[in-house]
Amino acid sequence: MAIAHKKTTKELELIESARKMIPALKARSTQAGHDLKIPDETIAEMQAAGLFKAMQPKRHGGFEVDPRTFFEIQMALAEGCMSTAWIYGVMGVHPWQLARYPEQAQQDVWGVSQDTLVGSTYMPVAKVTPVEGGYRISGRWGFSSGCEHCEWTLLGGILPPDENGEGVEHGTFLVPLADYRIERNWDVLGLRGTGSHDIIVDDAFVPAHRVQRTNNSSPEATPGLKENTNPIFAIPFAQVFTRAVSTSALGALQGAINEFCDNAAKHIGKHGAKTAEDPLAQDTVADAILTLDMLKLVLHRNYGELLEIAHKGELPDVEMRLLYRYQSAYVTNTCAEKVSLLLRSMAASGLYKTNPVERIFRDIHQARGHIANNMAAYARAYGTVQLGLPNPDPYV
């Protein structure tokens, strides 16, 4: 039976803090798109509220909240600005991942300040050379959301085989700002405020304690779990990160519903027709609300089951992992379809840049492009296993 979620006082405070930010996030969203960066003021407010510490170990000043609370915070932020919620999902999940690293890596980041922010780009493009004590890496990575606010980054690469030719795995390399540079080249359709620029590394040394076998949940690969014993840290990586890049779509859809209802209540078209009385508008908004409710229920159900398994010291089987990944990718694509219908129901007047649903439309369609939101690929992977064939997805 899935673990029920009764929120703690701190969890309720964090969610309420995020909800109080919605008006300011809406007001700043256009400028964030122009600047290709979430305002420093917004980041400072999120840090002051402790939002980035939601999934951080208590040993390092965090709150170790239930993942369902973390995603509720993200959804609330997305009602105001999906770009803000997107970087929150990415940067906010990194303390959870860092908790799985050796203690020395955690000290490297949080020993100076427990408020340190970490970025990422998991593209496995690193040129990796094993050396004494660790690795030397070089490469260029794209799509590092919120990177200009961070002092460290997590970079993807393929760990080479050992002397027996075994052990090839995706690795995550923890690298300080001094060892990489940012190339500002993020100029896209939506999620413009995420500032997801390129990261460039020229022959940096990464000590072994700052390297993690990303999708390996064995005790050897997750030594941080010896000290960070909360079961939230034992959930497989892919089951947490994939939701971090899809759940903002749920909040964005809620934001679009809010804006649509507000507009429909007062809008009268050039021919005298009231949007609120339009059967198409009525059907569209009802369908969007119903869909959102179902998608949120699945998210809460899934994490209740994942936590139950983690409490037992076990791992979910491959069928569950593939299904949950498919359901995560399904979110962004389905929300994009519903927002598209809402925008269509606002007719020609809805296409002006002054309409917040237009921005949400662009943001949510941009989010569909993330590799973790490739719904068709994960549908095939899940279907393959259901039909008795081997799992084709090495990252699950």
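Here the structure is a predicted model, which means the values were calculated and not measured. Residues take their numbers from the sequence shown, with the count starting at 1.
- Between Phe173 and Tyr135, the angle of the ring planes goes over 60°, which puts this pair in the perpendicular group of the 30/60° scheme.
- Put simply, the residue from Lys226, Arg59, Arg210 that forms a salt bridge (Lys or Arg N to Asp or Glu O under 4.0 Å) with Glu103 is Arg59.
- In summary, Lys26 and Glu259 engage in a salt bridge, as defined by a charged side-chain N under 4.0 Å from a carboxylate O.
- Atom NE2 of His197 sits about 4.0 Å away from atom CZ of Arg184, to the nearest 0.5 Å.
- Ion pair Glu13/Lys10 flagged as a salt bridge, since at least one NZ, NE, NH1 or NH2 atom sits closer than 4.0 Å to an Asp/Glu carboxylate oxygen.
- The neighbour count for Tyr330 OH, taken as heavy atoms of other residues, nucleotides or ligands under 6.0 Å away, does not exceed 12.
- In this model, a donor atom of one side chain and an acceptor atom of the other lie less than 3.5 Å apart for Thr69 and His5.
- No hydrogens or angles considered: a donor-acceptor pair under 3.5 Å links the side chains of Asn258 and Gln254.
- Looking at Thr121 and Ser144, their side chains never bring a donor and an acceptor atom within 3.5 Å of each other.
- In this pair, Phe143 and Trp186 present their aromatic rings perpendicular. The plane angle is above 60°, beyond the 30 to 60° band.
- A salt bridge is defined here as a Lys NZ or Arg NE, NH1 or NH2 lying under 4.0 Å from an Asp or Glu carboxylate O, and Arg362 with Glu358 meets this definition.
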Q: Take Phe70 and Phe63 through the test ring-ring contact (aromatic ring centres under 6.0 Å, His included) and record every step on the way to the result.
A: CA-CA 10 Å; Phe70 175 72; Phe63 307 120; over 10 Å; no
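- A salt bridge is defined here as a Lys NZ or Arg NE, NH1 or NH2 lying under 4.0 Å from an Asp or Glu carboxylate O, and Asp66 with Lys7 fails to meet this definition.
- For Phe237 and Tyr395, the gap between ring centers reaches or exceeds 6.0 Å.
- With a 6.0 Å radius and a threshold of 12 heavy atoms from other residues, nucleotides or ligands, Ile371 has its CD1 atom at or below the threshold.
- The existence of a salt bridge linking Arg213 and Glu220 is excluded, since no basic side-chain nitrogen approaches an acidic carboxylate oxygen closer than 4.0 Å.
- Rounding to the nearest 0.5 Å places CG of Leu117 at 12.0 Å from SG of Cys147.
- Panel note: side chain Glu64, backbone Lys58; a donor-acceptor pair is recorded below 3.5 Å.
- Aromatic ring orientation, Phe241 versus His94: parallel (interplanar angle below 30°, classes split at 30° and 60°).
- Atom NZ of Lys296 is surrounded by 12 or fewer heavy atoms from other residues, nucleotides or ligands within 6.0 Å.
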